[in-house]
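Note sheet for the following structure.
Throughout, numbering of the chain's residues begins at 1 and tracks the sequence. Atoms within each ligand, like the ligands themselves, are counted from 1 in listed order.
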Amino acid sequence: MNLSSLSLFPGLNKKKQQFAVIGLGRFGRAACQALHQAGQEVLGTDIDEKRVTEVVNNHWAAHALQLDSTDPLALKEAGIYEFDTVIIAIGNYLQESIITTLNVKEAGVAKVVAKASSEVHGKLLKRVGADQVVFPENEAGYALARTLTKPSILDHFELDPQHSIVEIVVPDEFHNKSIGELQLRSRYGLNVLAICRDQKFNINPSPDLNLQKGSVMVVIGETKAIDELPL
Ligand code: ATP
């Protein structure tokens, strides 16, 4: 099972959106590739012509062009201000990252996601208007630690920094107990969205349903509470 296959969030599968990625380092290139492969409209930009050429040659985005994102006019001429979402993937150049974020927010771009390389960088990005700040190195570290220490978490979908949906193997302690008996809602504040047994889904299962070892459950709630499950 894959969480995305449940179509829990139809909004995520809406019509094609337009994304501009500014900065084509490893993070920016990966963002371009993933969005492009997902069928979204992507424009990649970098001040370095070589990085732009690499993206064009490898077809990692529909379009790519060279520009200096600290120049508001260059961004305007490239049509960056018309994009639904702008991803600022300039982690190692603090000044350029802050000025670019300021430029796109001042010009009215609705959603600006910016990569931070430190806590202070993240705070500055928020101050100049970034709607979402990501710390990919920290997040990758947490994800790795989770897969190493909690192998029964099969999939993890972060809704916001506090809440997640996870797909987990039913813990041994839960075997032959009903959802109601386990009091997942009152004890942990968690809700069971689905149970999957022998490839068959039971969406929104009844509290009387007995959980079985080897089944998979999809749970929504606070990430902190999920971490307290006996996995
Ligand atoms: P890594 O490649 O190690 O993952 P990263 O994704 O954080 O790191 P950076 O080293 O921060 O990448 O570089 C991001 C890209 O931003 C570089 O390709 C760089 O040329 C580009 N860049 C830097 N300044 C500007 C600018 N003013 N305008 C456009 N692009 C810029």
Side-chain angles (χ1 to χ4, degrees), residues 12 16-148 155-158 160-161:
L12 291 179
K16 223 178 196 186
Q17 292 184 57
Q18 291 190 315
F19 294 88
V21 178
I22 300 178
L24 298 170
R26 282 175 291 183
F27 177 76
R29 292 197 300 268
C32 277
Q33 275 177 273
L35 288 164
H36 186 57
Q37 276 166 14
Q40 304 295 342
E41 186 80 34
V42 189
L43 165 69
T45 74
D46 201 288
I47 196 166
D48 182 346
E49 185 71 55
K50 282 203 293 277
R51 295 233 152 144
V52 173
T53 308
E54 192 186 10
V55 168
V56 171
N57 290 346
N58 289 293
H59 307 285
W60 288 333
H63 319 276
L65 50 91
Q66 188 271 336
L67 60 77
D68 178 355
S69 60
T70 60
D71 176 0
L73 195 61
L75 291 171
K76 186 167 190 275
E77 282 174 354
I80 301 286
Y81 300 149
E82 314 307 321
F83 278 72
D84 301 314
T85 302
V86 175
I87 299 171
I88 299 169
I90 306 177
N92 296 312
Y93 304 84
L94 190 77
Q95 184 173 321
E96 285 77 359
S97 149
I98 304 294
I99 295 173
T100 304
T101 305
L102 187 68
N103 285 343
V104 290
K105 270 325 280 185
E106 274 194 351
V109 171
K111 180 153 186 183
V112 175
V113 182
K115 176 191 165 173
S117 54
S118 69
E119 208 177 312
V120 174
H121 187 182
K123 277 189 189 161
L124 289 168
L125 288 167
K126 279 268 173 201
R127 281 284 173 99
V128 293
D131 300 284
Q132 189 180 342
V133 176
V134 292
F135 299 84
E137 288 87 359
N138 293 16
E139 283 152 23
Y142 283 126
L144 173 67
R146 209 166 24 233
T147 57
L148 294 175
D155 205 353
H156 182 271
F157 183 86
E158 190 177 271
D160 65 24

Counting only nitrogen or oxygen atoms and a 3.5 angstrom limit, does [X] reach ligand 1?
X   : answer
Y93 : no
G91 : yes
D68 : yes
R26 : yes
I90 : no
T45 : no

Closer than 3.5 angstrom, by distance alone: can the side chain of [X] be matched with the main-chain N or O of [Y] as a donor-acceptor pair?
X   : Y    : answer
Q66 : I47  : yes
Y81 : E106 : no
D46 : L24  : yes

Worksheet item: How does L24 reach ligand 1, if at all, at less than 4.0 Å between non-hydrogen atoms: by side chain, backbone, both, or neither?
Response: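 L24 to ligand 1: backbone contact only, side chain stays beyond 4.0 Å.
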Name the closest protein heavy atom to [atom], giving the residue it belongs to and the distance to 0.1 Å.
atom                    : result
atom 15 (C) of ligand 1 : D46 OD2, 3.4 Å
atom 25 (C) of ligand 1 : I47 CG2, 3.8 Å
atom 16 (O) of ligand 1 : G23 CA, 3.5 Å
atom 5 (P) of ligand 1  : K115 NZ, 3.4 Å
atom 24 (N) of ligand 1 : E96 CG, 3.8 Å
atom 9 (P) of ligand 1  : N92 ND2, 3.5 Å
atom 26 (C) of ligand 1 : S69 OG, 3.5 Å

Where do [X] and [Y] come nearest, in terms of heavy atoms and distance?
X    : Y   : result
A20  : I80 : CB-CD1, 4.0 Å
S117 : G91 : OG-O, 2.9 Å
A89  : G28 : CB-CA, 3.6 Å

Practice prompt. Take T45 and S69 through the side-chain contact (heavy atoms from CB on, under 4.5 Å) test and state the conclusion after the steps.
Written response: CA-CA 8 Å; T45 74; S69 60; 5.5 Å; no
Worksheet entry | Audit row: I88, K115, side-chain contact (heavy atoms from CB on, under 4.5 Å) steps and yes/no | CA-CA 6 Å; I88 299 169; K115 176 191 165 173; over 6 Å; no
Discussion item. Under the criterion side-chain contact (heavy atoms from CB on, under 4.5 Å), I'd like the reasoning laid out for H121 against F135: C-alpha separation, chi angles, the key distance, then a yes or no.
Written reply: CA-CA 10 Å; H121 187 182; F135 299 84; over 6 Å; no
Worksheet item: Should the heavy atoms of other residues, nucleotides or ligands under 6.0 Å from CD of E119 be counted, would the total exceed 12?
Response: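 Counting other residues, nucleotides and ligands, CD of E119 stays at 12 neighbours or fewer.
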Practice prompt. Check whether any heavy atom of L67 sits under 4.0 Å from an atom of ligand 1.
Written response: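 Checking ligand 1 against L67, which is what was asked, there is a heavy-atom contact under 4.0 Å.
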Worksheet item: Which atoms of ligand 1 have any heavy atom of R51 under 4.0 Å away?
Response: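 That gives atoms 17 (C), 18 (O) of ligand 1.
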Discussion item. Within ligand 1, which atoms have a heavy atom of G25 less than 4.0 Å away?
Written reply: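 Atoms satisfying the 4.0 Å criterion: 2 (O), 6 (O), 12 (O), 14 (C), 15 (C), 18 (O).
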Worksheet item: For atom 14 (C) of ligand 1, which candidate among A89, A31, A30, A74 holds the nearest heavy atom?
Response: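 The option holding the nearest heavy atom is A89.
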Worksheet item: Where do Q18 and L43 land on the side-chain contact (heavy atoms from CB on, under 4.5 Å) test, with the steps shown first?
Response: CA-CA 8 Å; Q18 291 190 315; L43 165 69; over 6 Å; no
